[in-house]
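Notes follow once the structure below has been shown.
When a ligand or atom number is given, it counts from 1 through the structure's own listing order.
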Amino acid sequence: MASTDDKGRAPCVAILSAVLDMEYLAVAFREAHPGIDLRLGEELGALDQIEAVVCWFPPHGLLARMPKLRLVQSLAAGIEHIPADAELPRQVPLCRIVDTGMAAGMKAYVCWAVVQQHRGMRAYVASSAARRWEEQPIVSPRHHRVGIAGLGTLGMACAEALAAIGYPVRGWSRSAKEALPAGVEGFHGAAQLDEFLSGCDTLVCLLPLTAETHGFLDAALFAKLPRGAHLINVGRGDHLVEADLQPALDAGQLSAATLDAFSQEPLPPDHPFWGDPRILVTPHIATRTDSLVIARQTLDNLASLRQGRRPANQVDLARGY
Ligand code: NAP
Ligand code: GLV
């Protein structure tokens with residue numbers, strides 16, 4: 001962890017977000033490194049002292065004014081909110097969080113989302129409230145195929161967890177995967193997308209948001225799924241063409257959608273997804289990373305860079321993830 005540099009200076013880290021109050025993260029940084037020179041909110045001080053920034057939707061143009069910046073750290077797994085700043089200093093390493101706790105949270109959410117729809121759990125909430133002893137049809141998980149678009153850190157963890165509770169799982173990624181967990185079939189690239197989609201009774205989107213994946217979940221894609229498929233989007237809101245979702249539900253091409261990410265967050269109060277019984281909205285909570293993990297990974301990455309070593313989980317900006 002970054003303690004002091006060769007001149008005895010404590011790490012100088014700024015926490016930046018144009019959309020969230022970041023005080024909760026400041027507490028974790030102070031716990032991880034009590035002597036830290038931490039800059040937050042309006043209190044950024046001299047920008048030429050800042051060595052690392054931790055970001056969630058950082059204000060545009062600010063990072064370009066930090067001449068000593070060594071590290072840009074996303075506080076999340078996704079990073080698209082950072083290069084959205086056209087003035088991002090692209091020569092500075094950009095890293096993301098990879099964490100077993102984050103993966104555990106995502107596994108729990110995705111398994112819950114698959115099971116709640118496949119087993120008709122929402123009907124039990126209603127029958128329980130009405131004191132009715134009423135079974136829903138039980139279809140064995142063996143007969144419900146789950147596809148995961150994005151077989152990376154989180155997608156692979158979810159694939160393994162779903163296979164372990166009996167679902168036949170398939171995953172789709174950009175590159176071919178060699179050693180897949182038992183019960184998980186791999187597909188890759190544009191050439192295998194249609195074949196992948198044709199076997200997804202539930203489709204889970206766990207792609208990063210890039211120029212290639214923006215608008216991935218649209219009417220043309222829904223038409224390639226088995227009729228009545230369930231869509232789960234735990235990627236980003238802009239993966240989904242929102243205007244295409246309710247027509248696909250109306251037509252019966254999709255039966256339900258569980259959505260955790262939206263083009264506009266918070267989802268506006270008059271948005272048509274609210275109150276649609278076929279759409280379950282959750283407020284971007286599929287998983288969260290412990291703030292101490294974010295602080296430690298940031299300080300470790302800064303220490304590596306101060307010592308001329310590569311930081312962990314650096315993003316390939318050309319690839320976009
Ligand atoms: P990751 O490890 O980078 O995995 C990304 C996966 O997507 C990889 O398998 C990659 O293929 C695949 N991929 C990327 N572009 C593709 C394309 N054009 N075609 C096909 N496959 C493509 O990312 P991660 O850590 O699993 O996180 C995934 C995303 O989840 C994040 O970017 C974030 O948006 C979202 N997320 C949401 C929440 C939430 O609470 N809702 C929480 C955390 C993360 P290769 O394996 O071939 O590279
Ligand atoms: C959350 O959305 C993340 O990308 O970690």
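- The line from CZ of R278 to CG of D250 is 4.5 Å long, rounded to the nearest 0.5 Å.
- Rounded to the nearest 0.5 angstrom, F273 CZ and L267 CG are separated by 7.5 Å.
- Distance CD1/I36 to CZ/R30: 8.5 Å, rounded to 0.5 Å.
- Among all protein heavy atoms, the one lying closest to atom 44 (C) of ligand 1 is L154 CD1, 3.4 Å.
- Put simply, the side chain of D260 gets close to the backbone of I285: a donor and an acceptor are under 3.5 Å apart.
- Atom 16 (C) of ligand 1 has R174 CD, 3.7 Å as its closest protein atom, hydrogens excluded (heavy atom only).
- Heavy atoms of M156 come nearer than 4.0 angstrom to ligand 1 in no pair at all.
- Using a 4.0 Å cut-off between heavy atoms, R236 contacts ligand 1 through its side chain alone, with no backbone atom that close.
- Taking a 6.0 Å sphere around CZ of R310, one finds it holds 12 or fewer heavy atoms contributed by other residues, nucleotides or ligands.
- The environment of CZ in R319 is crowded: more than 12 heavy-atom neighbours from other residues, nucleotides or ligands sit within 6.0 Å.
- In this structure, R9 does not pair ionically with E51, as no charged nitrogen and carboxylate oxygen lie closer than 4.0 Å.
- For an aromatic pair to be called close, the ring centres must be under 6.0 Å apart, and H81 with F57 satisfies this.
- Residue contact check: L151 has heavy atoms under 4.0 Å from atoms 6 (C), 9 (O) of ligand 1.
- Annotation: atom 25 (O) of ligand 1 to nearest protein heavy atom, R96 NH1, 2.8 Å.
- Taking atom 5 (C) of ligand 1 as the reference point, the nearest protein heavy-atom neighbour is P208 CD, 3.6 Å.
- What sits closest to atom 22 (C) of ligand 1 on the protein, heavy atoms only, is L207 CD2, 3.5 Å.
- Backbone and side-chain nitrogen or oxygen atoms of Y321 are examined, and one is located within less than 3.5 angstrom of a nitrogen or oxygen of ligand 1.
- Enclosure of atom CD in E134 by more than 12 non-hydrogen atoms of other residues, nucleotides or ligands within 6.0 angstrom is indicated.
- Between H118 and Y167, the ring-plane angle classifies as perpendicular under the 30° and 60° cut-offs.
- Proximity of the aromatic rings of Y124 and W133 is defined here by a centroid distance below 6.0 angstrom, and this criterion is not met.
- Under a 4.0 angstrom heavy-atom cut-off, R288 registers as lying outside contact with ligand 1.
- Ranking the protein heavy atoms by distance from atom 4 (O) of ligand 1 puts G152 CA, 3.2 Å first.
- Ligand 1 lies out of reach of T210, whose nearest heavy atom is not under 4.0 Å from it.
- Rounding to the nearest 0.5 Å places CG of L71 at 9.0 Å from CD of Q314.
- Using a 3.5 Å distance cut-off with no hydrogens or angles, the side chains of E265 and H284 do pair a donor with an acceptor.
- The atoms of ligand 1 that sit less than 4.0 Å from any heavy atom of H284 are 39 (C), 40 (O), 41 (N).
- Summary of contacts: the protein heavy atom closest to atom 28 (C) of ligand 1 is L206 O, 3.4 Å.
- Of all atoms in ligand 1, listed by their number and element, those nearer than 4.0 Å to a heavy atom of V234 are 35 (C), 36 (N), 37 (C), 38 (C), 39 (C), 41 (N).
- With ligand atoms numbered from 1 in the order given, ligand 1 contributes 45 (P), 46 (O), 47 (O) to contacts under 4.0 Å with heavy atoms of K177.
- Between M106 and ligand 1 there is a heavy-atom distance shorter than 4.0 Å.
- Listed by number with element, the atoms of ligand 1 under 4.0 Å from a non-hydrogen atom of A286 are 39 (C), 40 (O), 41 (N).
- Residue-level contacts of ligand 2 at the 4.0 Å heavy-atom threshold are A76, A77, G78, M102, R236, H284.
- With respect to R145 and D201, a salt bridge is recorded, a charged nitrogen being found less than 4.0 Å from a carboxylate O.
- With ligand atoms numbered from 1 in the order given, ligand 1 contributes 39 (C), 40 (O), 41 (N) to contacts under 4.0 Å with heavy atoms of D260.
- Protein heavy atom at the shortest distance from atom 19 (N) of ligand 1 is W172 CH2, 3.3 Å.
- Rounded to the nearest 0.5 Å, atoms OG1 (T202) and CG (L231) are 9.0 Å apart.
- Within 6.0 Å of the CD atom in E23, the count of heavy atoms belonging to other residues, nucleotides or ligands exceeds 12.
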